[in-house]
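Below is one structure, written out as structure tokens; comments come after it.
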2 protein chains.
Amino acid sequence: MIRISKDYDVRKQEFLDAAQKLFYEQGYDQTSVNTIIDYVGVSKGTFYHYFKSKEDLLDALAERVARQRLEQLHSIVEDRKLSALEKFNGYFAGSRGLIEKSEDIAKAVLRVMYEDENILLRHKARVRSMELVVPELGKIIAQGVQEGTFNVPYPERTAEMILMLGGELKDIYARLFLELDEKPENISLAKQLIDQYEDAITRMLAAPEGSIRFHEQLNLRDFLV
Amino acid sequence: MIRISKDYDVRKQEFLDAAQKLFYEQGYDQTSVNTIIDYVGVSKGTFYHYFKSKEDLLDALAERVARQRLEQLHSIVEDRKLSALEKFNGYFAGSRGLIEKSEDIAKAVLRVMYEDENILLRHKARVRSMELVVPELGKIIAQGVQEGTFNVPYPERTAEMILMLGGELKDIYARLFLELDEKPENISLAKQLIDQYEDAITRMLAAPEGSIRFHEQLNLRDFLV
DNA sequence: CAGTCTAGACCGACGGTCGGTCTAATTTAG
DNA sequence: CTAAATTAGACCGACCGTCGGTCTAGACTG
């Protein structure tokens, strides 16, 4: 076999890129280490030179995904021209992700990601994202309290709860989306769900009724990822 | 080898009992099918006669756990003497579980259950519990709306969100509990968390301030399981 | 500048474990 | 007595992770 040496970081990113693609397409359990090394074009030994276990790779991937998400958010938080309410609504509206490209690809990804078997992948990504995002969302809420729009004693705790709810909601939402072909009524169910979520958030923040609105800017497809 | 035949249901329960004990002690992944059959004292063939896969056993266990939890709740819901508020607070106070017996055992169980590796076990139990419990808690909330204590448009949806929040909260709570020895400050963190949860629920239900109180009846240990 | 040395990227056969299958033997019900 | 249900345990392929060892770019030496 030909031997190709690469810079450490370059190679590591290759592994992460491969993992992201393969895990999303086939799931974590269903993707063997052999599949990964075949895809990257290296040997077993090389893999274990970079990661101490398959799960170690998963952790690294979760970390990378979480950081990417954080950067996305950071530009909004630091914008001094925006009110807390605008930031808040903007954050949730900005969650639109892969679905714009192709609905088929999106469905395939979701189908895999939201199988029970892949709960570990989702869980790790979510936990790490939470750790990073909670403080940022907390800042937005704190700003809102100062501006008099919101009223909560501990902004970060509230941010935590809002995000926990959001995370669980995505699960349900994904399921509704995937069943859309068989159950057209899911569209109204999903809308109802978002309404409820908006309402719950509004109440938790003690925000003016109707001020929290990311709903209209979204269609059924945009909420995920 | 001696052969022991047993009634179908008896044997099936034996498997479930063994799984419950072993999964709780060692985790799902760490408990091999061989470990289970050794514990029950039967062969591979017997195992696969009763369950079509290891995950099938997990599903069955999740189902059993969820049903047990439902029965516990059902007696409260059907009590005609209680107001919705009493039922609501009673339900949450009634969540105290295994911890009364021994703190050490509880810690061991939690330590295993709340490792990332065992997320699948937790996830399945939670999803199935939710499906069964949401309608019951929905009934309580609906009663509360009729009594004028609560004010929500869709009781079941609200129940869903309250339970989702509760489920996630348990995760954090468990972590705080497990770190208690190293971090005594977790006690106040945990209290703060519960306060926040009470507050969030109160706002989501539009219940009178201070009416939702399962807090005092619990100590740090009782909230889990 | 030619020769040497070395860090560390890379290789792939291999061990041990696991979930799951299969056939034969035994027990039980009718 | 016999058909169906149940149980035993040898067996299988796939998997993760280990290990001893190879190869090469670039630093160092004389």
Nucleotide [N], atom [atom2] - distance to [atom1] of [X] in whole Å:
X       : N      : atom1 : atom2 : answer
A/Glu55 : D/dC16 : CD    : C1'   : 12 Å
A/Phe51 : C/dA9  : CZ    : C1'   : 14 Å
A/Lys12 : C/dA9  : NZ    : P     : 10 Å
B/Tyr48 : C/dT21 : OH    : P     : 7 Å
B/Lys52 : C/dT21 : NZ    : P     : 10 Å
B/Asp38 : D/dT7  : CG    : P     : 16 Å
A/Leu58 : D/dC16 : CG    : C1'   : 15 Å
A/Ile37 : C/dA9  : CD1   : P     : 17 Å

What residues form a ring-ring contact (aromatic ring centres under 6.0 Å, His included) with B/Tyr48, not counting sequence neighbours?
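ring-ring contact (aromatic ring centres under 6.0 Å, His included) check on B/Tyr48 returns nothing, list empty.
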
Between [X] and [Y], does at least one N-O distance fall below 4.0 Å, as a salt bridge requires?
X        : Y        : answer
B/Glu156 : B/Lys139 : no
A/Lys54  : A/Asp29  : no
B/Arg67  : B/Glu63  : yes
A/Lys52  : A/Asp59  : no
B/Lys21  : B/Glu25  : yes

Taking only the side-chain heavy atoms of [X] (C-beta and beyond), determine which of [options] contains the nearest atom.
X       : options                : result
B/Arg11 : D/dG9, C/dA13, D/dT7   : D/dT7
A/Ser43 : C/dA13, C/dG20, C/dC10 : C/dC10
B/His49 : C/dG19, D/dG17, D/dT6  : D/dT6
B/Lys44 : C/dG19, D/dT7, C/dC10  : C/dG19

Among A/Met130, A/Glu168, A/Arg126, find the residue that satisfies the side-chain contact (heavy atoms from CB on, under 4.5 Å) test when tested with A/Leu163.
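Between A/Leu163 and the candidates, side-chain contact (heavy atoms from CB on, under 4.5 Å) is satisfied uniquely by A/Met130.
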
Under 4.0 Å between a side-chain N/O of B/Thr46 and OP1 or OP2 of D/dT6, yes or no?
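Answer no for this pair, as no side-chain N or O of B/Thr46 is under 4.0 Å from OP1 or OP2.
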
Over all strands shown, is B/Phe47 touching base, sugar-phosphate only, or nothing at heavy-atom distances under 4.0 angstrom?
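Nothing, no nucleic acid heavy atom in range.
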
Produce the list of close N/O pairs, under 3.5 Å, pairing protein atoms with atoms of nucleotides 13-15 of chain D; give distances to one decimal.
none

